[in-house]
Amino acid sequence: DTVLNAGTTFVNGATTADSDFFVQSGAVLGGTGAIGGAVTVESGGRLAPGTSPGIINTGNLDLQTGSTLDLDVNGVTTAGTDYDQVQVAGSVTLTGTLNLIDGFTGTGTPGDALLLIDNNSPDPVSGTFVGLPNGTDVNFNGELWHIAYDGGDGNDVVLINGPANVSIADVSQDETDSGQTVFMFTVTVDSPINDAFTVPYTVTQQMATEGQDYVATSGTLSFTGTSS
C-alpha cells in the first residue's frame, strides 16, 4: 500500500491491483495513470486527476468526509482533454467535496454533459458530494448546471448544462361517431430534480371541435421531486 501524507504525487504509470493508495490530510494525488487498487481520500486529502486536464483510473474510490475532488473544466467536449475525469473500476463512495476549477472560456449549451466520474462497475454510486444531492442545481461558469449520480449509463456522476426538461408524449385516436376515449399522457423528466415542481397543462382546439369531439380541460401537475 501507498500512504501519501504531504505534497503532490503524480501517478502516470500503472500500479498493481494489490496496491491501495491512502491520501491523507495535506496530500494531493494526481496524474493520468491507472491505479489498480483502491483509492481512499481521507479528510484533508485531495484527488486532482490529470495534469490539467486528464483522466486518472482507480479501483474502488472512497472520497471520505472532509476530502476534496478537484476537477479542471476548460471545455465540454472530451474528457481528459477538455475536463478532468476519474474512471473507476469498482465501487464509488462519496461524502467529500466537489471543487470545480473554472478554466472554461466559452459557454455551454443546454444538454451538454460532463462525465466527471465514469463508474465502470454495475453498482450505483453510494453517497453524494457535500451539499449536492441528486438533481441539485450547480452554478458554474456563470451558468446553471445540475448534477446527477445516475447519469451516463445509469450509475455515473454527470454535470449537465441547463435545467431538466419535461416532455409530454403524444397520443392519438381515430375519430368515430360514438363512444368516448380517455387519454393517458406520459410525462417524462430527462434527469433528476431535487425540488418539487409543477407543470401547467391545457387541452386546446386544433382540428377537433370542443364539446363535440373532446372535453376541454386544464390544470396543474404537481411533482414532489426525486432523488433518482
Side-chain angles (χ1 to χ4, degrees), residues 4 6-12 21 23 25-33 35 39 41-58 61-88 92-119 125 127-153 155-165 190-195:
L4 308 178
T8 299
T9 300
F10 292 101
V11 176
N12 293 318
F21 276 68
V23 186
S25 181
V28 180
L29 173 61
T32 57
I35 297 173
V39 172
V41 187
E42 301 175 6
S43 179
R46 309 182 83 95
L47 177 61
T51 54
S52 271
I55 298 173
I56 194 167
N57 290 263
T58 74
L61 175 65
D62 184 4
L63 293 171
Q64 297 183 347
T65 301
S67 69
T68 301
L69 175 62
D70 294 314
L71 296 178
D72 291 299
V73 180
N74 298 341
V76 300
T77 305
T78 306
T81 301
D82 297 306
Y83 62 91
D84 287 334
Q85 183 184 80
V86 186
Q87 292 189 359
V88 181
V92 178
T93 304
L94 304 176
T95 55
T97 297
L98 174 63
N99 178 37
L100 298 173
I101 301 170
D102 189 358
F104 196 5
T105 57
T107 56
T109 300
D112 283 342
L114 305 178
L115 181 54
L116 305 181
I117 299 179
D118 187 0
N119 181 7
V125 173
T128 67
F129 290 114
V130 174
L132 298 176
N134 206 23
T136 296
D137 290 339
V138 177
N139 289 306
F140 174 71
N141 192 44
E143 302 172 279
L144 178 67
W145 301 66
H146 62 281
I147 194 166
Y149 300 89
D150 50 6
D153 59 7
N155 64 348
D156 301 319
V157 182
V158 179
L159 195 67
I160 305 166
N161 185 282
N165 296 305
D190 66 358
S191 57
I193 298 177
N194 188 55
D195 299 318

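When all heavy atoms are compared, the tightest approach of G31 to N12 is CA-OD1, 3.3 Å. Listed here is the closest heavy atom pair of A6 and A27: N-CB, 3.5 Å. Contact detail for F140 and W145: the closest heavy-atom pair is O-NE1, 3.3 Å. Nearest heavy-atom pair across S67 and E42 is CB-O, 3.4 Å. For the pair T136 and P133, the tightest heavy-atom approach, listed with the atom from each and the gap, is OG1-O, 2.7 Å.
Residues L94 and V157 have side chains in contact (heavy-atom distance under 4.5 Å, counting atoms from C-beta outward). Between V125 and I117, every side-chain heavy-atom pair lies at or beyond the 4.5 Å cut-off. Between T9 and V28, the closest side-chain pair of non-hydrogen atoms is not below 4.5 Å. With contacts defined as side-chain heavy-atom distances shorter than 4.5 Å, the pair L159/L100 qualifies.
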Show, in sequence, the C-alpha distance, side-chain angles and deciding distance for L29 and V41, and conclude whether the side chain to side chain contact (heavy atoms under 4.5 Å, CB included) test is met.
CA-CA 9 Å; L29 173 61; V41 187; over 6 Å; no
Kindly determine whether L47 and L61 satisfy side chain to side chain contact (heavy atoms under 4.5 Å, CB included), including the steps that lead there.
CA-CA 10 Å; L47 177 61; L61 175 65; 3.9 Å; yes
Check step by step if side chain to side chain contact (heavy atoms under 4.5 Å, CB included) holds for V39 and I56.
CA-CA 11 Å; V39 172; I56 194 167; over 6 Å; no
What verdict does the side chain to side chain contact (heavy atoms under 4.5 Å, CB included) test give for F21 and T58, after you've listed the backbone C-alpha separation in whole Å, the side-chain angles of each residue and the deciding distance to 0.1 Å?
CA-CA 9 Å; F21 276 68; T58 74; over 6 Å; no
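By the side chain to side chain contact (heavy atoms under 4.5 Å, CB included) test, D118 pairs with Q85, Q87, L115, N120, D156, sequence neighbours left out. The side-chain hydrogen bond (donor to acceptor under 3.5 Å, both in side chains) check on D112 picks up nothing, with sequence neighbours excluded.
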For a quick test of your reading: what N or O donor-acceptor pairs under 3.5 Å do the side chains of residues 70-77 make, sequence neighbours left out?
residue : atom : partner : partner atom : Å
D70     : OD1  : R46     : NH2          : 3.0
D70     : OD1  : N99     : ND2          : 2.7
D70     : OD2  : R46     : NE           : 2.7
D72     : OD2  : S52     : OG           : 2.9

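With hydrogens and angles disregarded, no donor-acceptor distance shorter than 3.5 Å links the side chain of T32 to the backbone of V11. Side chain of D84 to main chain of G54: a donor-acceptor pair is present (N/O by atom type, distance under 3.5 Å, no hydrogens or angles).
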